[in-house]
J.: 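Starting off with a structure, shown below.
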Protein chains: 2
Amino acid sequence: MSASVSAKEALLGVISFSPQSGYSIKAEMESGGVSYIWDLSFGSIYPRLKDLEREGLITAVEVRDEGRVRTVYDLTHQGWSSLRRWLAEKPSYPLPLRDELLLRMLFWGTARPDDRQTLIGHLRDRAAKTRELLDRLRTPLDENGATDEFQGLIEEYARMRLKAELEWIDKTITQLQGAPRPPLRDPRGIFPKATERRHAAARAAGKEAGPS
Amino acid sequence: MSASVSAKEALLGVISFSPQSGYSIKAEMESGGVSYIWDLSFGSIYPRLKDLEREGLITAVEVRDEGRVRTVYDLTHQGWSSLRRWLAEKPSYPLPLRDELLLRMLFWGTARPDDRQTLIGHLRDRAAKTRELLDRLRTPLDENGATDEFQGLIEEYARMRLKAELEWIDKTITQLQGAPRPPLRDPRGIFPKATERRHAAARAAGKEAGPS
DNA sequence: TCGCTCATGTAATGCGTTACATGATTGG
DNA sequence: CCAATCATGTAACGCATTACATGAGCGA
């Protein structure tokens, strides 16, 4: 139902800010406002730009700028309408928490029940990186960076999200430093069973290896 | 540096909860606790399970359960250790806001400056889906669902995130219903320039088409 | 018996990353 | 002059999705 994003839309969008080369698009993806929301590697940027040019959505101009030569792309009329149409399309709902740390945490109780320290380490690393991002958000690297009303709202969202995450991490670490707590709900006893299954698998493997 | 997730880890994790078939794994991915964090289609589940079996990380047992035949997988000792090792690996930091709605919003000012209503529609749709999720989180579909300490912490995180998102959407819609605001920062005047570029492209295209 | 859910699978396809290759320019 | 940055590109590869195919039980 709802449409997804291919690299092309992101490229059109970034170029809509100002005419740009593939190289500078990559820079924006790494440190500009887009960097919080999307990313692309050179391996997709350059071929996709060629595609967009062939499709007539952007035009290329070779620019000799202080010795250096860059290929600067700008939107054509078709490019602008294409971007406009895409913006109107219903965005697809994202996996709300797609996150490797949370995925690991989800399985922690079955596979690493007693090792709470490693998880605390993961959480601390996460908090450090998140704090970095928050700082960057407060004092953007790029003093030429522009922010319109919409981007301002997004920045507000980002600040809120990141701060909330830090608070949650704090509370979580505090709890993890305390004593392990029993399951909140376990009608079928799967958690004790998991422990048992793990032990059984270990015994079976030990037996198979045979007594040395 | 930090390792990423392939389907295999997620599969090992889900099986760690209890021995399962490919079909029931898919069900968990769609409505269980994992559904907030990860997803997989049949197209990856079945082939990956075969791989894991060949690698000796899981074992398959044909189960005749009330007429129906299912292939139930469980972790081997090697599967458990493999899962254990993966949990210890440092998770990679995710794009903090990877989100199609936010990506569109980022470009709104350059390409759809005056159409605030469509964006409000996007935001309302988002809020509706998010409210659904929040409800599901409060009253899980699966009455047999189990929640251990770690999963409880994740649920807390999810609740916090979703509630915060709803609040932000409310505030944002309110602001968008008001008058447009000028850019917060625009040292190089890129936003007025973008409007001008868009108009110029339209004029050029009109001219090219020729006067009718 | 007809359609739905359960259940498993495969082939084509899409899409993006990684790794590699190349070369000009600039600053120390 | 040498290393880093600017700048553009391509080929191989990984990995997951989509679409398709198949078949057995179940409930009306």
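Reckoned from all heavy atoms, side chains included, excluding hydrogens, waters and symmetry mates. Just so it is clear: chains get the letters A, B, ... in the order the sequence lines come, proteins before strands, and each one is counted from 1.
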J.: What protein N or O atoms touch nucleotides 22-28 of chain D N or O atoms at under 3.5 angstrom, if any, and at what distances?
T.:
unit_1, atom_1, unit_2, atom_2, d
D/dC26, OP1, B/Glu66, O, 3.4

J.: Stepwise, does the ring-ring contact (aromatic ring centres under 6.0 Å, His included) test hold for B/Phe107 with A/Phe17?
T.: CA-CA 8 Å; B/Phe107 304 135; A/Phe17 292 145; 5.5 Å; yes

J.: Does any part of the side chain of B/Trp86, heavy atoms only, come nearer than 4.5 Å to the side chain of B/Leu12, both counted from C-beta?
T.: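 In short, these two side chains do not touch, never coming nearer than 4.5 Å.
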
J.: Using the ring of A/Tyr36 (Phe, Tyr or Trp, six-membered ring only), decide whether A/Arg136 places NZ or CZ under 6.0 Å from its centre and within 45 degrees of its axis.
T.: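 Because its charged atom sits under 6.0 Å from the ring centre and within 45° of the axis, A/Arg136 does stack over A/Tyr36.
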
J.: Indicate yes or no: does A/Glu9 engage A/Arg85 in a salt bridge with an N to O separation below 4.0 Å.
T.: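 The answer is no: the pair does not qualify as a salt bridge.
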
J.: Using a 4.0 Å cut-off on heavy atoms, which residues in residues 15-32 of chain B reach DNA chain C? List them by number, or say none.
T.: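 When residues 15-32 of chain B is checked for heavy atoms under 4.0 Å from DNA chain C, the hits, listed by number, are B/Ser21, B/Gly22, B/Tyr23.
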
J.: In whole angstrom, give the distance that lies between atom CG of B/Leu52 and atom P of D/dC15.
T.: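 Atom CG in B/Leu52 sits about 13 Å away from atom P in D/dC15.
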
J.: Is B/Glu30 paired with B/Lys26 through a side-chain N to carboxylate O contact shorter than 4.0 Å?
T.: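 A salt bridge is present here (some side-chain N lies under 4.0 Å from a carboxylate O).
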
J.: Round to the nearest Å and state the distance from B/Phe42 atom CZ to D/dT18 atom P.
T.: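 So the two atoms are 13 Å apart, to the nearest Å.
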
J.: D/dA16 P sits how many Å from B/Tyr46 OH, rounded?
T.: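 Result: 17 Å.
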
J.: Which two nucleotides bound the region of DNA chain C that has atoms under 4.0 Å from heavy atoms of chain A, read 5' to 3'?
T.: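 Extent of the interface on DNA chain C: C/dG16 to C/dT26.
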
J.: Hey, is A/Glu155 close enough to A/Arg138 for a salt bridge, meaning N to O under 4.0 Å?
T.: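 No, no charged N to carboxylate O under 4.0 Å.
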
J.: Does A/Asp39 come within less than 4.0 Å of B/Arg98, counting only side-chain N to carboxylate O?
T.: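 B/Arg98 and A/Asp39: salt-bridged.
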
J.: Are B/Tyr23 and B/Ile45 close enough that some pair of their side-chain heavy atoms sits under 4.5 Å apart?
T.: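 They are not in contact (no side-chain heavy atoms under 4.5 Å apart), so the answer is no.
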
J.: Map B/Tyr73 and A/Asp39 onto DNA chain C by nearest heavy atom, then report which one ends up closer to the 5' terminus.
T.: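 The residue whose closest nucleotide sits nearer the 5' end is B/Tyr73.
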
J.: Can you find a heavy atom in the side chain of B/Leu153 that is under 4.5 Å from one in the side chain of A/Met105?
T.: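 B/Leu153 vs A/Met105: side chains touch.
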
J.: Thinking salt bridges, do A/Asp99 and A/Arg126 make one under a 4.0 Å N-O criterion?
T.: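 Counted as a salt bridge, because a side-chain N and a carboxylate O are separated by less than 4.0 Å.
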
J.: Nearest whole Å is fine: how far is D/dT10 P from A/Ile45 CD1?
T.: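 Whole-Å distance recorded here is 14 Å.
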
J.: Salt bridge check: are A/Glu53 and A/Arg48 linked by an N-O gap of less than 4.0 Å?
T.: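 Looking at A/Glu53 and A/Arg48, the cut-off is not met.
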
